Amino acid sequence: MIETRALAYRAGQTDILHGIDLTIPRGGITALIGPNGAGKSSLLHCVSGLNQPSEGSVTIDGLDPYAASSRERARTVALLQQSPTVVSRLKVAELVGFGRWPHHRGRPTTEDNDKTRAALAAFALDDLADRSLETLSGGQRQRAFIAMAYAQDTPWMLLDEPLNALDPRHARDLMARLHGLSRGEQGRSIVIVLHDINAAAGWADRIVAMKDGRVFAHEESAALLTPETLREVFDTPFQVLRHEGRPVVVAR
């Protein structure tokens, strides 16, 4: 599980996160939602070991990401940041193969190559493996980056707004793939920052709602998605409907 205790983060003179106590169990998808500036990405980066908290602690399955070696950390958690940049002339298979670097350190084995191929298959990229990134659509490129994180073969995957710039079809396809990969005993534990509340409603097992650098609510998806909670979090009225057993959130 991921645990934060009294977690605070400051960027320069600005306090971003305030005293966050949070436990995220292994398995399934946990969505972080909240308005712009709520601290969602900052929390994800602190949990991953990218941004050192100014106060408090983080553990991932008992591992302190700030005390662990970079290699040990990279074998525990994979982070995909917003708008990742990479040389566009890279081929898709080469990009996905970078996810194996913490394991082989420049000397890929048969196992590493097999893991890369499995990641390409998991995100329907087999036919694009030899294409350069600059020839891909936005949705295809995003799948390639997530496949790279998947190839890292960590128990935890942290994804920062992976639906950005995706049309509804590709956003749904990506969430469905992630949902499938998070199932079962060998499934990945996925923490994902989302601005699309209905993507969280449709696919997340649990939701962490943030506001003003604090955790406002943390519940199973259906329990958290109420008009009252959403109005408090986003400062706007919502209606929550039901369709085929799933909540559908509409801003009013």
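All values below were derived from every heavy atom in this structure, side-chain atoms included, with hydrogens, water molecules and symmetry-related copies excluded. Note that this is a predicted model, so its numbers are computed, not measured.
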Looking only at heavy atoms, what is the nearest atom pair of [X] and [Y], with distance?
X      : Y      : result
Ser182 : Ile29  : OG-CG1, 3.8 Å
Val47  : Pro65  : O-CG, 3.8 Å
Gly213 : Ile20  : O-CD1, 3.7 Å
Ser42  : Ile16  : OG-CG2, 3.3 Å
Pro247 : Asn198 : O-OD1, 4.1 Å
Ala223 : Glu219 : CB-CB, 4.1 Å

Is the shortest side-chain heavy-atom distance between [X] and [Y] below 4.5 Å?
X      : Y      : result
Asp235 : Lys211 : yes
Ile192 : Met175 : yes
Tyr150 : Val96  : no
Leu128 : Leu136 : yes
Val248 : Arg242 : no
Leu80  : Asp160 : no
Glu3   : Leu22  : no
Arg5   : Glu55  : no

Might you confirm whether atom [atom1] of [X] has over 12 heavy atoms from other residues, nucleotides or ligands at distances under 6.0 Å?
X      : atom1 : answer
Glu220 : CD    : no
Gln186 : CD    : no
Arg172 : CZ    : no

CA sep, side-chain torsions, deciding dist, call: Asp112, Lys115, salt bridge (charged side-chain N to carboxylate O under 4.0 Å, His left out): CA-CA 5 Å; Asp112 294 309; Lys115 294 283 188 180; over 6 Å; no
For Arg73, check side-chain hydrogen bond (donor to acceptor under 3.5 Å, both in side chains) against everything at least two apart and list the hits. none
Indicate yes or no for a side-chain donor-acceptor contact from [X] to the backbone of [Y] under 3.5 Å, with no hydrogens or angles considered.
X      : Y      : answer
Ser189 : Trp156 : no
Arg177 : Ala122 : yes
Arg75  : Thr154 : no
His18  : Ala8   : no
Asp64  : Thr59  : no
Lys40  : Gly34  : yes
Gln140 : Ser137 : yes
Ser48  : His45  : yes
Arg143 : Phe123 : yes
Asp196 : Ala199 : yes

Is Arg71 positioned over the aromatic face of Trp101, cation under 6.0 angstrom from the ring centre and no more than 45 degrees off axis? no
Ring-face cation of Arg252 near Phe238 (centre distance under 6.0 Å, axis angle within 45°): no
Quick one: do [X] and [Y] end up in the same hydrophobic cluster if we chain Ile, Leu, Val, Met, Phe, Trp and Tyr together by side-chain heavy atoms under 4.5 Å apart?
X      : Y      : value
Val77  : Leu17  : yes
Ile197 : Val233 : yes
Leu166 : Met157 : yes
Leu43  : Leu194 : no
Leu63  : Leu50  : no

To the nearest 0.5 angstrom, please state how far the [atom1] atom of [X] sits from the [atom2] atom of [Y].
X      : Y      : atom1 : atom2 : answer
Leu95  : Ser132 : CG    : OG    : 11.5 Å
Glu161 : Gln142 : CD    : CD    : 10.5 Å
Ile2   : Ile24  : CD1   : CD1   : 5.0 Å
Thr135 : Leu133 : OG1   : CG    : 7.5 Å
Gln82  : Leu44  : CD    : CG    : 9.5 Å
Met148 : Arg100 : CE    : CZ    : 13.0 Å

Decide yes or no on side-chain contact (heavy atoms from CB on, under 4.5 Å) for Val208 and Ile33, but give the supporting numbers first. CA-CA 6 Å; Val208 178; Ile33 68 170; over 6 Å; no
So, applying side chain to side chain contact (heavy atoms under 4.5 Å, CB included) with Leu159, which one of Leu178, Val193, Val191 is it? Leu178
Output all residues satisfying side-chain contact (heavy atoms from CB on, under 4.5 Å) with Ala121, sequence neighbours left out; order by chain, then residue number. Asp126
In plain terms, say whether Asp205 and Arg183 are close enough for a salt bridge, that is, a side-chain N and a carboxylate O under 4.0 Å apart. yes
Run the side-chain contact (heavy atoms from CB on, under 4.5 Å) check on Ile207 and His218 step by step: do they pass? CA-CA 6 Å; Ile207 294 176; His218 179 205; over 6 Å; no
Go through it in stages, so that I can follow the logic: the residues are Asp153 and Arg188, the test is salt bridge (charged side-chain N to carboxylate O under 4.0 Å, His left out), and I'd like the CA-CA distance, side-chain angles, deciding distance and then a yes or no. CA-CA 9 Å; Asp153 200 23; Arg188 306 293 174 88; 3.1 Å; yes
Using the side-chain contact (heavy atoms from CB on, under 4.5 Å) rule, take Leu7 and Cys46 through it: C-alpha gap first, then chi angles, then the decisive distance, then the call. CA-CA 9 Å; Leu7 178 70; Cys46 286; 4.2 Å; yes
Under a 3.5 Å cutoff, is there a donor and acceptor pairing between the side chains of Asp167 and His170? yes
